[in-house]
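A quick write-up on the structure given underneath.
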Amino acid sequence: MSLFIDSDLCTACGACVEACPFGAVEIIDQVAQANEKCNFCGACVEACPVEAITIDKKEAKADDGYQGVWVFAEQRRGSLAGVSFELLGEGRRLADKLGVSLSAVLFGHRVREEAVRLFAYGADRVYLADDPSLEAFTDDQYGGLLTALIREHRPEIVLCGATSLGRSFFPKVANALNTGLTADCTGLDIRDSDRLLLQTRPAFGGNIMAAILCPNRRPQMATVRPKVMRPGPCREGRTGELVEVEPSRPGLVPKTRFIEFIEDLSEKVHLADADIIVAGGRGLGSAKGFDLLRELAELLGGALGASRGAVDAEWISYAHQVGQTGKTVSPKLYIACGISGAVQHLVGMQSADVIVAVNNDPGAPIFDVADYGLVGDLYEIIPAVINQLQR
Amino acid sequence: MDYFLTEDQLMIQDLARQIAEEKVLPVRAELDEKEEFPRDLMKHFAEADLFRLNIPEAYDGMGLGGFEQALAVEQVSRVCCGVACTYAASGLGAYPLVLFGSEDQKKKYLPQIAAGKLGAFALTESTAGSDAGGIQTRAVLEGDEYVLNGTKQWITNAGEAEIYSVIALTDPSRGPRGASFFIVEKGDPGFSFGKREKKMGIRCSATGELIFNNCRLPADRLISKEGLGFIIAMRTFDKSRPGVGAQAVGLAQGALEAAVEYARTRVQFGHPIISFQAIQHMLADMAASVEAARALVYAAARFIDSGAKEVSKVSAMAKVFPSDVAMKVTTDAVQIFGGSGYMRDYPVEKMMRDAKILQIYEGTNQIQRNVIGQELHKEFGRRSRKK
Amino acid sequence: MKIIVCIKQVPDTKNVRLDPATNTLKREGVESMVNPFDLYAVETALRLKDQFGGTVTALTMGPPQAESALREMVEYGVDETALLSDRAFAGADTWATSYTLAKGVKKLGGFDLIVCGKQAVDGDTAQVGPGLAEQLDIPYVCFVRRLIEVDPQARRMVVERLMDDGGDVVETPLPALITVVKEINEPRVPSLRGKMKAKKIAVPVYGLQDLAADPDRVGLAGSPTQVVRIFAPQPRGTRAKLDGRPEEQAERLIEALKKDKVLTIGAE
C-alpha cells in the first residue's frame with residue numbers, strides 16, 4: 001500500500017494535517033507529506049478539499065471455499081448468555097445479506113436444551129459439543145476445539161461476544177488460524193462491493209470510530225460488545241440441523257485446568273448484564289455514598305458501578321469500576337452520580353442508551369454527554385428520586 | 001525559579017513529588033479526618049529509598065546532605081504537611097547517631113533507619129519546652145546498665161517509631177553538662193507509650209508520651225559521652241532546622257497553588273476573582289514570600305552541608321522566616337477561597353491548621369529570634385574586637 | 001524465576017482532546033506514558049522475584065522513543081530490558097505484534113512466566129497477551145486478579161481469573177503467560193537506586209534482522225486487519241438540563257425516563 005500526495009494540487013491548507021488521527025501528516029516546504037506513522041486509514045483523503053491525496057490499496061484476495069456465518073454461543077454454568085442472542089440477531093442479518101447459512105457453536109455439558117433455543121433465535125445449524133470435559137471454560141479446550149472446527153468447516157465469518165470469556169479465548173483461535181480479529185465491535189455490516197465484513201469499533205478511548213476490514217485472511221473474526229446489537233426475534237418451533245461435535249481432537253491436550261468458581265455474591269446484578277447501572281464517583285465524598293446508590297440500584301433492578309476515583313479511594317471494589325482501566329458497559333440507562341466525566345470514564349459507558357448525570361459542578365464534563373443533567377447535591381436529589389419511585 | 005539543581009537532586013525532587021502526588025494526595029484528607037498514622041505511605045517512602053538520603057554510604061545510605069533531604073521534604077509537604085512531618089521526624093531521630101554515634105552504633109542502627117524503620121527524637125517534657133534545661137528524666141548507671149525514669153511529652157512518631165534518641169539527665173548537679181543521649185528501642189523493658197494527642201493540625205502524625213519506668217538499657221546505648229546531651233541536641237537542631245523550613249515552604253507552595261487555581265475558576269460579579277487587584281496583590285505577596293522562603297532554606301541548607309562551623313544564626317533564620325510565611329500564606333489562601341476555604345471539602349483549611357505547629361515546634365519562633373539576636377550580638381562583638 | 005513483562009508506551013489519554021471543528025484528536029503536546037495495566041504486570045513480576053529470586057526483563061515493541069518506557073520500569077526494580085524496534089514493525093495489528101513479541105521472547109532465551117497487562121488503553125483489544133501465548137505455544141490465563149499459589153519448583157501456578165460474574169480458579173503449568181487486572185496488587189513506587197540504575201543501563205535494540213523475523217509477518221504487511229476509515233462517533237447526549245428543587249428535578253427525571261422507556265419500575 002502506498003500514499004501519494006500530488007504536490008501540484010496540494011495547496012498546503014493543512015486540512016489533512018488536522019484530519020490525521022495519527023499525527024502522520026506534516027506540511028514541509030508548502031507541501032503535505034506523510035511520515036512513518038501513516039496507517040493508510042484514508043482520513044486525509046476524505047479531508048483534502050482539492051483531492052490531492054490518493055491511497056493505492058492492494059487488491060483484496062478473498063479466500064475461496066470459505067462460506068457461512070458462525071456465532072459462538074456462550075453459556076455459563078448451563079445457561080446461554082444474553083450476548084448469544086444478540087450475536088444470533090446480528091449474525092442472521094449478515095448471513096441473509098450474504099445469502100449464506102448461520103450456524104451457532106455451543107460447547108458445554110448438559111446444554112442440549114440450550115442448543116434447541118439457538119434455532120428459535122435464528123441459527124440454521126448448531127454445532128454442539130456436549131461433554132463433561134467442556135463443562136467449565138478453559139482457553140485450551142474451547143480454543144483448541146473451535147480452531148479445529150473452523151479448520152474443518154471453513155466459515156467466512158466467526159463472531160463471539162466481547163465478554164471476559166470471549167475476549168480470553170478468541171485471540172488464541174484467531175492466532176492459531178493466522179487470521180485477523182477485531183475486538184469489541186459496536187457495528188458490523190457487509191460491504192456490498194466485495195462482500196467483506198466491515199467491523200466498526202471505538203478507538204483512542206472512544207473519541208474516534210474505526211472501520212476495519214480483514215481482506216486477505218479467513219475467517220474474518222470479531223468479538224462484539226454485549227448489549228449493543230439487538231437479539232433477533234424468537235420463533236418458537238423453528239428448527240435446524242444439529243451437528244454433534246467430537247469434543248476431543250488428536251493433539252488437543254489441555255494444559256490448564258479449571259478448579260472452581262468463586263461467585264461474586266456481593267451484588268445481585270452484575271455490571272456486564274445490567275440494563276440499568278447506578279454509578280458513583282469521588283463526588284460521593286465517602287464510601288457511605290454507595291449505600292445510597294445501592295438503594296436506588298436495587299429499586300431499579302440495576303447494578304452498581306463506580307469511577308476509578310471511587311475505587312482508588314477504596315470505597316468500593318474494583319469489580320465495579322467502569323472505564324478505561326475497568327469495565328466497558330452498554331446499559332439502557334446509566335446514572336452517574338458525583339462523577340466528573342473524565343475521558344477515561346466516558347470510554348467505559350458512553351455507549352449507554354440514556355445517560356443521566358447528577359453533579360453539583362455545572363462545569364463537569366459529564367454534562368456534555370448526558371441526556372439529562374441534574375446540577376445539585378446528589379444527597380438531596382437521589383433520595384428524592386428514591387422517594388418518588390417508591391410511591 | 002531554577003535553582004540549578006544537579007541531576008541527582010532533580011531525581012530526588014521528581015521522585016518525592018511523584019510519590020506525593022500518586023500516593024499521598026488521594027489519602028491526605030482521610031488520614032487527617034481519621035487521625036490515622038500513614039503507615040503504608042511510610043512503606044512507600046522506604047521502597048523509594050527516601051530514608052537513605054542523609055545516612056552515610058557506609059551504612060546503606062546515600063551520603064547526601066540536609067539540602068537533598070529538604071528537597072524531598074518540601075515536595076511531600078506541598079501535598080500533606082502531616083505526612084512530611086512523620087517522614088522528616090524519622091531523620092531527626094537519626095541525627096544524634098549520624099553525628100555522634102560510635103562505629104558499632106552506626107553499623108547497628110543506621111542501616112535499619114535507611115531501610116525504613118522509623119526513628120524519633122525525644123527531648124520535650126512537661127517542664128521542658130523552650131527551656132530544654134528543664135528536663136527531669138533521669139538516667140542512672142547501675143553496673144553495666146542505665147536505668148531511665150521519666151516521661152517525654154509530645155514526641156512525634158511516638159509508638160510508631162522503632163528507634164528513639166532520648167535525652168536524659170545523667171548528672172543533675174552539672175547543669176548544662178549534665179545530660180546525655182541514649183538509644184531506646186521499642187520493646188525495651190520499662191519503656192511504654194502514653195496517650196496519643198489530639199491536635200489542631202498534622203493530625204495524621206502520631207504525637208504522644210514516652211514513659212520510662214525503670215527502663216533498663218545496656219550501657220552501650222549511650223551516644224558518645226555522658227554530659228554531651230545538650231551539645232548533641234543543639235548540633236542536631238542546627239542540621240534539622242532547614243528541614244522544618246522546607247516543610248513550611250512546601251506547605252506554603254501547596255496553599256499558593258490551590259489559591260491561584262481557585263481564583264482562576266471562581267466567578268463573581270461576572271469575572272474570575274483573580275482579575276480583581278485585591279486578590280492579585282494577595283497572591284503576589286504570597287508568591288514572593290514563598291520564593292524568598294525557599295531561597296533562604298536552600299541557601300541555608302547548602303551552607304550547613306558545606307561543613308561551616310558557625311551555622312546557628314542561618315539555621316534559625318531558615319526556620320523562623322519560612323514558618324511565619326507558611327502561617328500567613330495558608331491563612332491568606334483560606335481567605336481567597338472565601339466561604340469554601342472554611343469548608344473541609346477544600347484542602348486549604350487543613351493547610352492553615354497544619355501551618356501553626358511549624359512556628360512552635362523544633363524551637364519556637366521566639367527562641368529562634370533569641371538565637372539570631374544573640375548570634376548577631378556575638379558576631380558584631382567579634383568584629384569590633386578585631387578592629 | 002525468569003520473568004518477562006511485556007509493556008507498551010501509549011499516549012497519555014488524560015491530555016488527549018477532541019478538536020470540535022474536525023472531530024479528530026489533537027495530538028500536539030500529548031505525552032507518552034507506560035500503559036497503566038503494565039505497571040500492575042511489572043509489580044506482579046517484581047513480587048514474584050522478591051519471593052523466589054531470579055530476574056525480571058521488560059520487553060516492548062515500539063519506536064525508538066519507547067526506550068524511555070523501559071528505563072522507567074528499571075526505576076521500579078526491573079533488571080533488564082529489550083526494545084524491538086524497526087521501521088518494518090510499524091503499523092502492526094495485534095497479530096503482527098504478537099508474532100514480533102514472540103520472536104523477541106525467543107531471542108531472550110528461556111523463561112518461566114510472561115506477564116502482560118490486560119490491555120493497552122490506546123488499542124483496547126486485550127488480544128496481544130493471548131496471541132503471544134499462542135505464538136509461543138504456552139498456556140495462558142487472562143484477567144488474573146489474584147495469584148493463589150506459585151510453585152516454580154513444581155512448575156505450576158494457581159490463579160483466579162476475573163469473569164463477568166465472579167472468579168474462575170484455574171491451574172496452569174509453567175512456563176505460562178498471564179494477563180493481569182488492576183485488582184491484583186498495588187504497584188510500588190520507583191526507588192532512587194532504581195532511578196540511578198535506569199539512567200545508566202544500556203537498552204538493547206533488536207530489529208528485523210536481529211530477530212530473524214519474517215518481513216511478511218511483521219508490521220503493516222503482516223497485519224490481517226486494516227483500518228480503512230476513521231470517523232467521528234455520533235455526537236451523543238441531548239443535554240437536557242433538569243433544574244429546580246431536588247424534588248422537582250427528581251420528578252422531571254422520572255417522567256423523562258419513563259417516556260424514554262428505560263425505567264423498569266414505576267412504568268406500569
Side-chain angles (χ1 to χ4, degrees), chain B residues 5-27 38-57 59-65 67-73 75-76 79-80 83-84 87 91 111 113-116, chain C residues 5 7 9-10 12-15 17 31-51 56 58 67-79 117 121 182-203 241:
Chain B
L5 303 180
T6 66
E7 253 191 65
D8 283 351
Q9 289 165 344
L10 284 170
M11 185 171 72
I12 291 168
Q13 197 182 49
D14 283 341
L15 182 55
R17 193 185 186 91
Q18 180 186 345
I19 296 174
E21 287 181 352
E22 281 177 20
K23 302 288 184 188
V24 180
L25 183 59
V27 297
R39 215 162 279 122
D40 286 343
L41 289 175
M42 289 303 112
K43 282 208 195 84
H44 286 309
F45 280 44
E47 264 167 20
D49 292 336
L50 286 175
F51 286 107
R52 296 187 193 276
L53 296 177
N54 53 3
I55 306 272
E57 283 183 86
Y59 313 103
D60 290 355
M62 295 182 64
L64 299 170
F67 180 57
E68 284 76 13
Q69 179 74 357
L71 287 176
V73 169
Q75 291 306 314
V76 178
V79 174
C80 177
V83 173
Y87 164 57
I113 294 176
Chain C
V5 183
I7 69 168
Q9 194 176 55
V10 298
D12 186 345
T13 50
K14 249 202 325 275
N15 298 322
R17 293 271 178 274
E31 285 163 26
S32 299
M33 63 176 182
V34 172
N35 179 40
F37 283 105
D38 298 347
L39 292 173
Y40 294 83
V42 167
E43 179 64 26
T44 305
L46 290 174
R47 287 192 190 191
L48 287 171
K49 180 178 105 161
D50 288 341
Q51 197 181 354
V56 176
E67 181 187 304
S68 60
L70 291 170
R71 279 189 199 282
E72 211 186 303
M73 296 304 99
V74 175
E75 292 179 12
Y76 287 85
V78 159
D79 302 292
V121 298
K182 291 171 63 178
E183 212 180 326
I184 193 170
N185 55 41
E186 198 201 326
R188 64 191 59 186
V189 294
S191 71
L192 286 172
R193 289 174 299 179
K195 282 174 102 83
M196 296 197 301
K197 181 173 176 192
K199 267 200 313 194
K200 300 197 203 99
I201 200 174
V203 173
K241 279 282 163 47

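Each chain gets a letter, A, B and so on, in the order its sequence line appears, and its residues count up from 1. Every value quoted in this text rests on a predicted model; they were computed, and no experiment measured them.
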Between the CE atom in C/Met196 and the CE atom in B/Met62, the distance rounded to the nearest 0.5 Å is 4.0 Å
Below 4.5 Å, heavy atoms only, C-beta onward: do B/His44 and C/Glu186 meet side chain to side chain? yes
Hits for salt bridge (Lys or Arg N to Asp or Glu O under 4.0 Å) against C/Asp79, two or more places apart or cross-chain, chain-then-number order -> C/Lys49
- Should B/Asp8 and C/Lys199 count as an ion pair when the cut-off is N to O under 4.0 Å? yes
Test side chain to side chain contact (heavy atoms under 4.5 Å, CB included), reference C/Val189, set B/Glu22, B/Lys43, B/Lys23, output is B/Lys23
By residue number, those in residues 49-57 of chain B with heavy atoms under 4.5 Å from heavy atoms of chain C are B/Asp49, B/Leu50, B/Arg52, B/Leu53
